[in-house]
Amino acid sequence: MTSAAPATVLVFLDPQSENGRIADASKPQLMATDQGATRGDGVFESMLAVQGHPRKLDAHLRRLAGSARLLDLDIPAQDAWRKAIQTAITEYRRQHPAPAPEEDEAVVKLLVTRGVEGADAPTCWVQASPVPASGRRQREAGIDVILLDRGYDSEVGERAPWLLLGAKTLSYAVNMAALRHARKQGADDVIFTSSDGRVLEGPTSTVLLAHLETAEDGAGGTRTTRRLITPQLDSGILPGTSQGALFAAARAAGWELGYGPLEPRDLFDADAVWLISSIRLLAPVNHIDGREIGTPALRKQLTAELNELFATIE
Ligand code: PLP
């Protein structure tokens, strides 16, 4: 096994250690027969900790529990996770004091595998590591995206629940292969479509689009309606915690909200499209399959508006 990046902090959930057991990320820590390694059998979460505070923690713990339920995994109670997360963040900040408050960020991952072959307990740990610089770059410059067929229709999730489409499983090899495919084509990211022509999600993100409609207000002026739309949650996609939180903030700020079904032409007709996720946050989409989405000025204005709303989320 090669060494993990020295900056990574590991905390295993362990009934013998109330606050979790810190482990050395540069040393082997998993059994080679762990089913997370041999089968990719498990679930995970990724969240951003800002100045020691894990954002949207309740939503991530809820989704972790939901994913575990879909895989029949019996995982530790929320309290054990909260303590281990706090231990990991505290240790990470101790090892890597941030030079400035705005740089005091870490990626916090929660990982669960089905455990060692033959054993009946899952392996669970928390990992804290640096935030990749690419995320900030893509947030600021925007991304170019290609549409890729995921090969399933949009109703397969209900028909074949064993595909685990609504769970955040450790089996991300397909998602990573799609991203590598995009990069070979000169793009930054992917929006998956279903075999029946629906817009689904990114390999690690949720799709959002905005429409502005300006109409006369009856008093000689005009009124602009802002609509924020995301694909239907029951189309075999992962429910995004960022999308959920942003929708709540946008509704409170007067945006109208909508849920698909969406087709690729809805993306091309949008005033702006984003891929949103917990670590990279809102990445504005400049081009899809080489076609520009909206205009640079509108993308910038709407991105700034939504970023302001997203910054209010705990
Ligand atoms: N969809 C997929 C497939 C993902 O992997 C992710 C996040 O990693 C998301 C959506 C966005 O979820 P969240 O906003 O909770 O990070």
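For ligands, and for the atoms within them, numbers begin at 1 and follow the listed sequence. Here the structure is a predicted model, which means the values were calculated and not measured.
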Quick check on salt bridge (charged side-chain N to carboxylate O under 4.0 Å, His left out): which of D72, D74, D41 does R114 satisfy it with? D41

List ligand 1 atoms under 4.0 Å from G240, heavy atoms only on the residue side. 12 (O), 14 (O), 15 (O)

As a quick check of understanding, evaluate side chain to side chain donor-acceptor pair (under 3.5 Å) for N19 and T87, giving each step before the final call. CA-CA 6 Å; N19 295 318; T87 302; 5.1 Å; no

If the cut-off is 4.0 Å to any non-hydrogen atom of S205, which atoms of ligand 1 fall inside it? 1 (N), 2 (C), 4 (C), 6 (C), 9 (C), 10 (C), 11 (C)

Separation of I276 CD1 from L281 CG (nearest 0.5 Å): 7.5 Å

Given E45, which partner from the list R63, R62, K109 fulfils the salt bridge (charged side-chain N to carboxylate O under 4.0 Å, His left out) test? R63

In short, F310 meets R55 closest at the heavy-atom pair O-NH2, 2.7 Å

How far is atom 14 (O) of ligand 1 from its nearest protein heavy atom, and which residue and atom is that? S242 OG, 2.6 Å

Give me the atom names and distance for the closest heavy-atom approach of P54 to I85. CG-CG2, 4.1 Å

Do I229 and V285 belong to the same hydrophobic cluster, where Ile, Leu, Val, Met, Phe, Trp and Tyr are linked whenever their side-chain heavy atoms lie under 4.5 Å apart, directly or via other members? yes

Mode of R63 contact toward ligand 1 - side chain, backbone, both, neither (heavy atoms, under 4.0 Å): side chain

Element-labelled atoms of ligand 1 that are located less than 4.0 Å from some non-hydrogen atom of L238: 1 (N), 2 (C), 4 (C), 6 (C)

Just to confirm my output: which protein heavy-atom neighbour is closest to atom 15 (O) of ligand 1, and how far is it? T241 OG1, 2.6 Å

Return the residue, atom name and 0.1 Å-rounded distance of the protein heavy atom closest to atom 5 (O) of ligand 1. Y172 OH, 2.5 Å

Per-residue contact class, S46 against ligand 1 - non-hydrogen pairs under 4.0 Å: neither

Atom of A249, atom of L309 and distance for their closest heavy-atom approach: O-CD2, 4.0 Å

Atom 13 (P) of ligand 1 [closest protein heavy-atom partner, distance rounded to 0.1 Å]: S278 OG, 3.4 Å

State if P239 counts as touching ligand 1 under the rule of any non-hydrogen atom under 4.0 Å. no

Please list, in number order, the atoms of ligand 1 under 4.0 Å from a heavy atom of T206. 10 (C), 11 (C)

With a 4.0 Å heavy-atom cut-off (strictly under), which part of P203 contacts ligand 1: side chain, backbone, both or neither? backbone

Sub-4.0 Å atoms of ligand 1 with respect to non-hydrogen atoms of E201: 1 (N), 2 (C), 3 (C)

Using a heavy-atom cut-off of under 4.0 Å, does the side chain or the backbone of K168 touch ligand 1, or both, or neither? side chain

Closer than 3.5 angstrom, by distance alone: can the side chain of D34 be matched with the main-chain N or O of M31 as a donor-acceptor pair? no

For ligand 1, which atoms, with element, lie under 4.0 Å from some heavy atom of G202? 3 (C)

Could you walk me through whether S277 and S242 pass side chain to side chain donor-acceptor pair (under 3.5 Å), step by step? CA-CA 6 Å; S277 53; S242 312; 5.9 Å; no

